[in-house]
Amino acid sequence: MEHTVSLKQNHVFRRLYAKGKSAVNPCLAVYCRKNNSPRTRLGITVGVKVGKAVVRNRTRRRIKEAYRVHEDRFLPGYDLVVVARVKAGHSRYREVERSLLSLADKLGLLRKEET
RNA sequence: UGAGUAAGACAGACAGUCGCGCGGCGACGCCGAAAGGCCCGCCGUGAGGAAAGUCCGGGCUCCACAGGGCAAGGAUAACGGGUAACGCCCGCCGAAGGCGACUUCAGGAAAAGUGCAACAGAGAUAUACCGCCGGACCGGCGCAGCCGGUCCGGUAAGGGUGGAAAGGCGAGGUAAGAGCUCACCCAUCGGCUGGAAACUGUCCGAUGCUGUAAACUCUAUCCGGAGCAACACCGUGGUGGGGACACAUGGCCGGCCCGGCCGUCCCCGGGAGGUGGCUGGAGCACUCUGGCAACAGGGUGUCGAGAUAGAUGACUGUCAAAUACAGAACCCGGCUUACAGUUUUGCUCGCGCA
RNA sequence: GCGGAAGUACCCAAGUGGCCGAAGGGGCUCCCCUGCUAAGGGAGUAGACGUCUAAACAACGUGCGAGGGUUCAAAUCCCUCCUUCCGCG
């Protein structure tokens with residue numbers, strides 16, 4: 001992914017949960033905050049409650065894929081954290097993709113000329 | 001053809017587009033003193049039968065001991081074999097279940113010793129409560145007898161209790177009884193037969209013993225502890241300890257005094273982070289020889305993940321359908337548990353036909 | 001990834017082979033105290049599920065995370081599994 005690096009440090013996650021803007025639906029929760037750099041940093045969290053290791057891995061890959069396919073529609077320069085909720089573990093890919101886009105739209109992360 | 005039983009195999013495939021980890025090769029550009037890194041392209045490769053639970057056994061690393069023995073603690077348990085090792089596997093014996101193929105079993109010792117066995121019951125590892133029998137005494141009556149009572153003794157056949165009551169059943173025997181004696185049966189031990197052994201038997205003799213060792217214990221064998229977050233190396237800033245030099249200028253807080261803090265170099269130590277450990281091994285495939293088998297030995301071929309917030313995903317088409325349990329994290333050998341569907345082979349029982 | 005601990009009524013829990021549905025406390029109900037409430041004091045109660053019953057009591061059966069095993073007898077001893085919690089850079 002060209003303009004995106006992955007977000008790894010635990011303290012950055014905590015800062016977003018405390019201070020970032022958020023949007024939620026039954027499938028996902030998204031937190032975001034400007035980071036004053038040209039790049040977007042993306043973190044994905046899949047908790048133990050979602051399922052066993054295979055389910056968690058599959059969920060994380062689907063979220064990553066949904067972001068990758070639509071990367072050019074996102075505005076750069078944000079820290080993003082996507083949290084998978086229990087429903088995401090047994091949802092199809094299309095549902096995950098749709099809820100990611102609708103939450104991003106709610107937070108104003110998408111370019112206006114698209115859609 | 002139906003039901004069953006045992007042992008295996010597979011764990012979606014193929015084509016196309018986009019995307020990811022690792023390795024190799026190539027080259028334009030960028031960064032860097034260099035080593036090299038970033039970016040791009042091509043090629044190769046990329047989760048399991050259980051990767052799981054972490055229940056056993058080993059390799060490897062560090063710590064301890066560096067020789068041997070004993071004790072403590074733990075583990076295992078018919079017998080023979082296999083293995084690097086095992087609590088695993090194979091064969092075999094015994095017991096239990098099934099018409100059968102076959103399955104299951106912590107399956108040593110209770111006659112070395114100790115403990116425990118509630119309640120019930122007369123009595124629980126040894127017992128006379130009732131009963132039965134004999135004797136003595138007393139009382140009654142229709143008086144060589146019978147009935148009742150007390151005491152002494154014999155008896156484990158009968159009673160009910162219990163998970164378990166002193167081998168079972170029949171006959172003899174006796175005052176009444178008793179393996180007291182006899183026949184048959186059962187169990188244990190010893191001899192003999194067969195077997196490498198556990199064990200076995202139309203054999204002989206002796207004995208007749210409650211259960212529990214997943215209670216302590218005894219016998220035999222084995223075991224030092226911790227774990228790749230082990231361990232080794234590099235290590236900015238800050239800070240601690242030690243040493244050398246300097247010791248009074250200077251700087252900071254402050255209007256000033258008093259007061260407080262601050263040097264340079266080397267060594268030790270080492271939190272963040274990084275590198276190694278990190279995958280070629282009791283390896284895999286085919287085949288030959290030995291063995292009932294587990295397995296061992298030989299030959300030929302082959303290299304099949306190595307991440308570090310953690311690489312396999314998404315879409316389209318075809319196959320009737322693509323759906324089970326489920327994700328490597330140092331590596332192997334097992335065990336246990338979860339599991340949709342497809343399929344191979346051997347065997348058993350039943351039905352039909354020839 | 002590795003190591004360790006626990007699981008008993010609604011909650012906290014005692015019980016380590018036998019009279020154990022299982023001590024005790026909180027809880028719940030009633031009374032006293034108070035103008036009212038809380039706190040405090042006193043008395044009492046069921047303790048989970050099923051069968052039986054109109055309902056309740058009594059009785060019987062099952063039940064101490066789940067399933068097996070040892071034993072005459074298991075909350076207790078042994079094995080396997082499940083869940084929860086803690087520690088290790």
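None of these values were measured; they are calculated from a predicted model. Throughout, protein chains are lettered first and strands after them, A, B, ... in sequence-line order, and every chain is numbered starting at 1.
Rounding to the nearest 0.5 angstrom, the gap separating the OH atom in Tyr31(A) from the CG atom in Leu103(A) is 11.5 Å. Distance CZ/Arg58(A) to NZ/Lys52(A): 13.5 Å, rounded to 0.5 Å. Considering CG of Asp79(A) and NZ of Lys34(A), their distance stands at 12.5 Å, rounded to 0.5 Å.
Rounded to an integer number of Å, the gap from Glu95(A) CD to A314(B) C1' is 15 Å. When the P atom of U312(B) is taken as reference, atom CD1 of Ile63(A) falls 14 Å away, rounded to whole Å. Distance CG (Leu100(A)) to C1' (A314(B)): 14 Å, rounded to an integer number of Å. Following rounding to the nearest Å, Arg68(A) (CZ) and A314(B) (P) show an atom-to-atom distance of 12 Å. Note: CD (Glu97(A)) to P (G313(B)) measures 17 Å, nearest angstrom. Between Arg92(A) atom CZ and A322(B) atom C1' there is a gap of 11 Å when expressed in whole angstrom units. The distance between atom NZ of Lys64(A) and atom P of A309(B), rounded to the nearest whole Å, is 12 Å. Rounded to whole Å, atom C1' of A314(B) lies 10 Å from atom NE2 of His70(A).
A salt bridge links Glu65(A) with Arg68(A): the closest approach of a Lys/Arg side-chain nitrogen to an acidic carboxylate oxygen falls below 4.0 angstrom. Residues Glu97(A) and Arg94(A) are paired through a salt bridge, judged by an N-O separation under 4.0 Å between the basic side chain and the carboxylate.
A glycosidic torsion no more than 90° from 0 defines the syn conformation; G67(B) lies beyond that range and is anti. The glycosidic torsion of A47(B) lies within 90° of 0, placing the base in the syn range. For A144(B), the base adopts the syn conformation, since its glycosidic angle falls within 90 degrees of zero. Here G179(B) is in the syn range [glycosidic angle within 90° of 0]. G49(B) adopts a syn glycosidic conformation, its chi angle falling within 90° of 0.
For the P atoms, the distance linking G327(B) with U318(B) amounts to 33 Å, nearest Å. Taking atom P on both nucleotides, G190(B) is separated from A197(B) by 16 Å, rounded to a whole Å.
At distances below 3.5 Å, not a single donor-acceptor pair connects side-chain atoms of Ser99(A) with backbone N or O atoms of Leu28(A).
Enclosure of atom NZ in Lys87(A) by more than 12 non-hydrogen atoms of other residues, nucleotides or ligands within 6.0 angstrom is indicated.
Residues from residues 50-62 of chain A that place a heavy atom under 4.0 Å from any atom of RNA chain B, listed by number: Lys52(A), Ala53(A), Val54(A), Asn57(A), Arg60(A), Arg61(A), Arg62(A).
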